[in-house]
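Written out below as structure tokens is the structure these notes cover.
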Amino acid sequence: MFTAMQSLGLLAMTAEASPLPQLPANYGSGKKVVILGAGIAGLVSGYELRKAGFECIVLEARERPGGRSWTVRNGSKVEFTDGTTQTCDWEGENYLNPGPARLPSIHKTILGYCEELSVPLEVEINTSRSTLMQSKDLNGGKPVEQRQVVNDTRGWISELLAKCIDQHGLDQALSKEDTEKMLAFLQTYGDLDRDYKFKGSERSGVDIGPGAGPDEEKLRPPLKLHELLVADFSMGELYEEQLDWQATMFQPVGGMDRIPYALAKSLGPIVRYGSPVQQMRKTEKGVTIVYTDSASKGPQTIQADYCICTLPITILDTLDTDFSPAKKQAFKGIKVASLYKIGWESPRFWEKKYNIYGGISFTKQTVGLVWYPSWKLFSKTGVILSGFDFEQQDWGNGAPTDFGALSTEGKLAASRAAVETLHPGYGQLLAKPIYVSWQKIPYSLGCFALNGFPGTRPAYEELSKPEGRYFIAGDYVSHLAGWQEGAALSAHRAVRDIAAHMQNS
Ligand SMILES: Cc1cc2nc3c(=O)[nH]c(=O)nc-3n(C[C@H](O)[C@H](O)[C@H](O)COP(=O)(O)OP(=O)(O)OC[C@H]3O[C@@H](n4cnc5c(N)ncnc54)[C@H](O)[C@@H]3O)c2cc1C
């Protein structure tokens, strides 16, 4: 789905240059900024404003920093808006990142904060040729390795193109010299024989591996072209081609929340947890924010010169604010994605029995994606993710998907079934599931705003505009919605806009 959206241009893909101005260390002295939300956008805003001498206060509804940048591990609670609660009791350092799980190497801003704050990173293995692809239409329904699908598809396409050239089908398009070069290229590209026929390739894996003495390698027969076309694994095959998913990708050692925790630590007590914002008002020379303080249990008021608001649009839409009617309309003007993730603790059978170390397998089932951990390879147990997709059609607000229509038990059964289909006999090893449905997570009420969708441009532009002394930040006012890089860049932009406001007033 992600791939489809990106190929349609519905999710922007490239990192942008930061708009952060170089401000002197006393630029903000005497000015107070109240920041709403301690997700990446709020924390980065506070971090940068403090460097420039501003007094800051960050109000956060949850009892932890990070917002969607969250890691579930032993002791974590997953609470839904309907009152259901799951408590994680995985062993040791096992964890699930229900939200962000990977950092592209081109996302320089967020990686820059990891470096600045000494957050240790490791490689996140996003694709592995040993992972599996399964469809009832391919190989009699038996899973095949990704290397087979990729290389056999390439082999067949190369053979067809060579045939087309041989039958003079491309004479108009290719000069004689280019024809020869193209045939030579196809021979290498598709691993064709000297007659430009694809007869299988070692690249696709072997039935029997090479050994000592007389034990020769035995190649696998190629998958059938017709079956490959019907099964259509283009999403899995091209997964790594998306710019933001290309190797090398990273992850913080121990879980994604290491980034917000490092930012929050540097901010210290200016971050007030358990402090949900209730009301926002503009005043003649600033802003007044009313919030509930879980310690004192009563409403509290803060006055400040400026407000950076990083609350999700799903939340802003429900709050008592004096944003203009145009902004209020814009809160409803962008769909919010309805993604979920399910993680299970399990012995690492995928490593021992299948040679799979990280990467993603695909199956054409209700739950279609199984993602293997990249951390602590070769250890006893790990967290395998089975299910990361939409719960509602139309990416968000539509009718339930097949998965979304199931009961919670049905969802967990579908998740287990995907693993069982890919790894027969091993589904039963999955234990202690954690299911995170982003639409039901309080203070998020959704996954991320789909701000590249057709028709969303006016709302996007409206939300990006400062309003008096309100400045909105958050990944949804960047062209990298759904990425922490976008949240950080939006914070830089808000800092820039406040600096500009001060200069002009
Ligand atoms: C399933 C999923 C997968 C993702 N994958 C990736 C990935 O692989 N890599 C990547 O970089 N990014 C990924 N992202 C995107 C990433 O999580 C976001 O871009 C980023 O975390 C957004 O930060 P933010 O500060 O804009 O918003 P948020 O994190 O939503 O922060 C908003 C904050 O406001 C707080 N809040 C809400 N209501 C109130 C209130 N009334 N009062 C006070 N505080 C309130 C919330 O608690 C929260 O802390 C993914 C997200 C999801 C959900």
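Residues take their numbers from the sequence shown, with the count starting at 1.
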Under 4.5 Å between any side-chain heavy atoms of Tyr340 and Asp389, yes or no?
yes
Side chain of Thr153, backbone of Val149: donor and acceptor closer than 3.5 Å?
yes
Provide the closest heavy-atom pair for Glu145 versus Arg129 in the form atom of the first, atom of the second, distance.
CB-O, 4.0 Å
Reference residue Tyr95; test ring-ring contact (aromatic ring centres under 6.0 Å, His included); the match among Trp375, Trp70, Trp90
Trp375
Can you confirm whether the side chains of Asn94 and Glu345 place a donor and an acceptor under 3.5 Å from each other?
yes
Decide whether a cation-pi geometry holds between Arg68 and Trp438; the criteria are a distance under 6.0 Å from NZ or CZ to the six-membered ring centre and an angle within 45° of the ring axis.
no
Using 0.5 Å steps for rounding, measure from the CH2 atom of Trp483 to the NE2 atom of His107.
5.5 Å
Heavy atoms of Ile289 and Cys307 approach each other most closely as CD1-SG, 4.2 Å
Is a donor on one side and an acceptor on the other found under 3.5 Å between the side chain of Ser374 and the backbone of Gly359?
no
Can you tell me if Lys376 has over 12 outside heavy atoms packed within less than 6.0 Å of its NZ?
no
Main chain of Gly474, side chain of Ser490: is a donor-acceptor contact present, judged purely on distance under 3.5 Å?
yes
Between Thr421 and Gln365, do the side chains contain an N or O donor and an N or O acceptor separated by less than 3.5 Å?
yes
